[in-house]
Amino acid sequence: MKELVENALDAGSSRIEVLTDGGGRRLIRVSDDGEGMTRADLALAVERHATSKLPEDDLMAIATLGFRGEALPSIGSVARLTITTRHGAEPNAWSIMIDGGAKSDVRPAALAQGTRVEVQDLFYATPARLKFLKTDRTEAEAIRDVVRRLAMSRPDVAFTLGGEERAPVTFGAALPGAAGQLARLGDVLGAEFRANAVAVHGGREGLVIEGYAALPTYTRGNGLGQYLFVNGRPVRDRLMLGAVRGAYADYLPRDRHPVVALFVTVDPREVDVNVHPAKTEVRFRDSGLLRSSIVRALQEALGRDAQRAATTGGAATIAAFRPHALPRRSWEWRNSPARPSYPTQGANALAGFAEAAQSAFEVGAPSVDARGQAGEIAPELIDRPLGAARAQLHETYILAQTRDGIVIVDQHAAHERIVYERMKAALEQSGIARQILLIPEIVELDEADVERVAARARELERFGLVVEPFGPGAVAVSETPSLLGEVDAQALLRDLAEHIAEWDEALPLERRLMHVAATMACHGSVRAGRRLEGEEMNALLREMEATPNSGQCNHGRPTYVELKLADIEKLFGRR
């Protein structure tokens, strides 16, 4: 399927139709409206190693997707292959059949301009290969993935995929430019990707990088959501995948993977596409330039929209509130507003009910603190991206009101990212200021952990944490970063020791330092369970708006969830 669709794209098609049956084993049909082939080219195309795609015979500058001339004769040797084609210079179409390697004569046929290739009974001539095919469903899904990737690479071409007793899937031709590219990516990857994608532009020295990258809070549990293209060719290149991981390393936890679609355009002489049988891996003449360009382009794109969190958080929250999401027997009479209330103390207490028994009917004090927020909201606050703070829920979450909805902020996760970004900025500029402890704090650790921490003492000192061994099983902390304020040195050193034990020596120094900064920021931020005043909550919201990457915490989790008023009204039947 990959070879046949690539041939259709090389022919300059504007519309490609794909039909399969039995996972491609019974039928594969690819029809296009490209330039087609003449009678002589058709007879030559089914010969081994014959191709008309390299008129200059220059293997160092390959601008087409296919060029070896092996696909058609190889397919014809193991299946029943029929090719019907018509060139604009020919009075009629021509057709040729190959049955298990036996070729027929070229015969006249009827067809509009373009080419139709049919492959029937795949591998019937080689039963040993047929046994290694997977189930029809699995093979059909592999075909869909091939077509999806090629459709992403060419938004200007319309694709239709049908068969397998499914409704046909059509990707209409999109307009040229970034808008058309995003429209095609949205058609293939879904509307959620389109809503959470940021544009990527970069490159230098003749290397151009374009595409879209999802916000760090829109991730997947595997790396299958990373789509990479080089000069229009879908690839799975390790160098490029490593560059994507490096660009997102400061945003995502280890078990999550980003979703990106990157298109690299480079001089064909600077890349070798002939190093892999399926041409899914490539080699670049200047691999360092490519890697640095990808990392820089992605980081700049993510930095532009760093305050945004994925829209999927709000959608998931709305879905959780819907009535059908509740278990059938989840109603509890104690939580009913119509429940009668009984006095529990004093002369009005019901006779026969002890105070201890009455405690079963207590619902407790409300865990919402709205002091000082019941008055009028300042217009300049409600129009801000994160709105005006209205209450604190469970001493952990800040509830803010915006012009068209509400925002729920995780105060610890948000402040953690703010402290982390402050530490990074201070490290790049003048260094992190320290505060000297009046009495050094002694932290007891395992001997192995003491050795690890002592070996990293110089790196920790760069972040304002000064430690030294204090006997065989302890370290002394004499200075701490002033950014963190009052620090629990015991918990901080234990967490750092655990992280250092997991470090790979091949991990770059910069990444090790960022791990240290993230751990320190976690211990120096506002903890869950701390009650905040209205001014403090609003100050935290304003800091989030001014801090890069504040849409997610150091562990890749979202720092806030936004709910639009229209969605909330739908829950209550007001829309």
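Index from 1, following the sequence.
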Would you confirm whether the ring centroid of F229 sits within less than 6.0 angstrom of the ring centroid of F263?
yes

With salt bridge (Lys or Arg N to Asp or Glu O under 4.0 Å) as the criterion, how do K564 and E562 come out once you've worked through the C-alpha distance, each side chain's angles and the decisive distance to 0.1 Å?
CA-CA 7 Å; K564 295 299 183 182; E562 183 176 8; 2.9 Å; yes

If I take atom [atom1] from residue [X] and atom [atom2] from residue [Y], how far apart are they, to the nearest 0.5 angstrom?
X    : Y    : atom1 : atom2 : result
L465 : L496 : CG    : CG    : 6.5 Å
I209 : E300 : CD1   : CD    : 10.5 Å
E421 : N549 : CD    : CG    : 4.5 Å
L302 : L215 : CG    : CG    : 7.5 Å
E545 : E543 : CD    : CD    : 10.5 Å
D145 : L224 : CG    : CG    : 8.0 Å

When you compare the side chain of V230 with that of M240, does any pair of heavy atoms fall below 4.5 Å?
yes

Taking side chain as C-beta onward, heavy atoms only, is R542 less than 4.5 Å from L381?
yes

What heavy-atom pair brings [X] and [Y] nearest, and what distance separates the two atoms?
X    : Y    : result
L182 : A197 : CD1-CB, 4.4 Å
L532 : Q392 : N-OE1, 2.9 Å
P155 : M152 : CD-O, 3.8 Å
T402 : I406 : OG1-N, 3.9 Å
L460 : V467 : CD1-CG2, 4.1 Å
A474 : V450 : N-CG2, 3.6 Å

Using the side-chain hydrogen bond (donor to acceptor under 3.5 Å, both in side chains) rule, take S292 and R204 through it: C-alpha gap first, then chi angles, then the decisive distance, then the call.
CA-CA 10 Å; S292 62; R204 54 193 174 92; 3.2 Å; yes

State whether [X] and [Y] are salt-bridged, where the test is any N-O pair (Lys NZ or Arg NE/NH1/NH2 against Asp/Glu carboxylate O) under 4.0 Å.
X    : Y    : result
D250 : K424 : yes
R456 : E459 : yes
E141 : R137 : no

Run D410 and Y560 through side-chain hydrogen bond (donor to acceptor under 3.5 Å, both in side chains) and show every step you take.
CA-CA 6 Å; D410 184 335; Y560 71 90; over 6 Å; no

Treating [X] as the side-chain partner and [Y] as the backbone partner, does any N or O pair qualify as donor plus acceptor under 3.5 Å?
X    : Y    : result
T396 : H394 : yes
R184 : R154 : yes
D567 : L563 : no
D446 : A448 : no
T559 : A414 : no
R236 : Q226 : yes
R256 : T219 : yes

Taking it one step at a time, do D449 and R452 satisfy salt bridge (Lys or Arg N to Asp or Glu O under 4.0 Å)?
CA-CA 5 Å; D449 288 336; R452 294 190 190 100; 2.7 Å; yes

Could you check V407 against V561 for side-chain contact (heavy atoms from CB on, under 4.5 Å), going step by step and ending with a plain yes or no?
CA-CA 6 Å; V407 173; V561 171; over 6 Å; no

Verdict with reasoning, E395 to Q411, per side-chain hydrogen bond (donor to acceptor under 3.5 Å, both in side chains):
CA-CA 9 Å; E395 289 76 45; Q411 66 188 38; over 6 Å; no

Check the pair R494 / E498 against salt bridge (Lys or Arg N to Asp or Glu O under 4.0 Å), numbers first and verdict last.
CA-CA 6 Å; R494 289 194 179 97; E498 292 178 1; over 6 Å; no

Atom CD of Q490 with >12 non-hydrogen neighbours under 6.0 angstrom:
yes

Whether the Q435 and T480 side chains hold a donor-acceptor pair (N or O, under 3.5 Å, no angle test) is what I'd like checked.
yes

Using side-chain contact (heavy atoms from CB on, under 4.5 Å), reason through V198 and R304 one step at a time and then give a plain yes or no.
CA-CA 8 Å; V198 295; R304 287 195 302 269; 5.5 Å; no

Start with the C-alpha distance between L207 and S293, add both sets of side-chain angles, then the distance that settles side-chain contact (heavy atoms from CB on, under 4.5 Å), and finish with yes or no.
CA-CA 8 Å; L207 179 73; S293 299; 3.7 Å; yes

Give the C-alpha distance, both sets of side-chain angles, the deciding distance and a yes or no for side-chain contact (heavy atoms from CB on, under 4.5 Å) between F159 and R148.
CA-CA 9 Å; F159 286 81; R148 282 157 51 95; over 6 Å; no

